[in-house]
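Structure, as structure tokens:
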Amino acid sequence: MMKVGFIGLGIMGKPMCANLLKKGYDVVCYTLNPEKVKEMEAQGAKGAASAKEVGEQVDVLITMVPNSPQVEDVLFGENGAAEGLKSGATVIDMSSINPVESQRFADLLAKQGVEFMDAPVSGGEPGAIAGTISVMVGGKQEVFDKHYDLLKAMAGSVVRVGDVGAGNVTKLSNQIIVAVNIAAVSEAFVLAKKANVDPNLVFAAIKGGLAGSNVMNAKAPMMLERNFDPGFRIDLHIKDLQNALDAAHSLHSSVPLCAQAMEMMQAVKNDGFGSCDHSKLLHFYEKMNNTALDD
């Protein structure tokens, strides 16, 4: 069984790393918070003091950090993993970043004989804990085949969608759909409330019909219970939508619904809710209509 490095032990990374340990993988981990490294050590991982130290010890390195600058720093910054990685190793970046940056990182690593795949995920913290996340992968077919079992140890679904960069294009498409879906649910529920129809009953009535979706089933109960503890933060969704806008504009592709969702999320962030779950997008509609679902 290959030796695995894991860098980034946040809301998603920590349970994903834990699932690798449960499946018997030999894991070396690192993150900026030493307490999280200690948590993984208690579960059987080996801790490292730097990204370089991780790279020196592993056959494959998984990175799970917030955005492109953090991936670049982890790989190519001072004491970065690339300094330690040996020719023949593979980097699997499971962060959600701009696909153009994924391709750039792949080109840089190729110069030292290291393979690269972008493999962002969907499913939020519950999916990461349960090992049911969906992984969308960009990379060479033979590299994907070699690491399929490793990825499947953390996921319910692992699909190669194309060459390097395709994984993040797929993830950005996913994030546009999720954001617009959350906005539509929020808009509809506030309308129902203003019309004196119980949003709980609206949800019960429509969730089994054409309007039903995984997004609605996951986020509507949070809205109705006013539980906005983050499974996926507004701040991170803003990051993803910005990457989607950047990628779309570089291709001269028009994405007006993405832009609208971004502006609404920015308004929610400006009201102090950036660290809340993205279901807090409901706040935009409640504020605009002077109507709260729990009034």
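- The local environment of CG in D271 is crowded, with over 12 non-hydrogen atoms from other residues, nucleotides or ligands closer than 6.0 Å.
- Side-chain contact check for D246 and Q242: at least one donor-acceptor pair (N or O, by modelled atom type) lies under 3.5 Å.
- Applying the salt bridge (Lys or Arg N to Asp or Glu O under 4.0 Å) test to residues at least two apart or on different chains, none of the pairs has a partner in residues 182-207.
- The number of heavy atoms from other shown groups lying within 6.0 Å of NZ (K239) is above 12.
- Sequence neighbours left out, the pairs with a member in residues 5-23 that pass side chain to side chain donor-acceptor pair (under 3.5 Å) are K14-E39.
- K219 is linked by a salt bridge (charged side-chain N to carboxylate O under 4.0 Å, His left out) to D277, counting only residues two or more places apart in sequence or in another chain.
- Salt bridge status for R104 with E101: present, with a side-chain N to carboxylate O gap under 4.0 Å.
- Contact record, E125 with M12: N-SD, 3.5 Å, taken as the closest heavy-atom pair.
- S96 and K171 share a donor-acceptor pair across their side chains, judged by distance under 3.5 Å alone.
- For the salt bridge (charged side-chain N to carboxylate O under 4.0 Å, His left out) test, no residue two or more places apart in sequence or in another chain qualifies with D149.
- Taking the six-membered ring where the residue is Trp, F203 and F189 present perpendicular rings, their angle passing 60° and hence far from 30°.
- D26 contributes no side-chain N or O that, together with a main-chain N or O of K3, makes up a donor-acceptor pair within less than 3.5 Å.
- Annotation for I7: hydrophobic cluster partners, listed by chain and number, are V28, Y30, L32, V54, V58, L61, V65, V71, V74, L75, F76, L85, V91, I97, F105, L108, L109, V114, F116, V164 (ILVMFWY side-chain heavy atoms under 4.5 Å, direct or chained).
- Between N67 and N243, some side-chain heavy-atom pair lies under the 4.5 Å cut-off.
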What verdict does the side-chain hydrogen bond (donor to acceptor under 3.5 Å, both in side chains) test give for D145 and Q141, after you've listed the backbone C-alpha separation in whole Å, the side-chain angles of each residue and the deciding distance to 0.1 Å?
CA-CA 6 Å; D145 292 342; Q141 184 69 56; 2.9 Å; yes
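- Applying the 4.5 Å side-chain rule to ILVMFWY residues, one finds that I129 remains a lone member of its cluster.
- The residues D229 and R226 are annotated as not salt-bridged, no charged nitrogen and carboxylate oxygen being separated by less than 4.0 angstrom.
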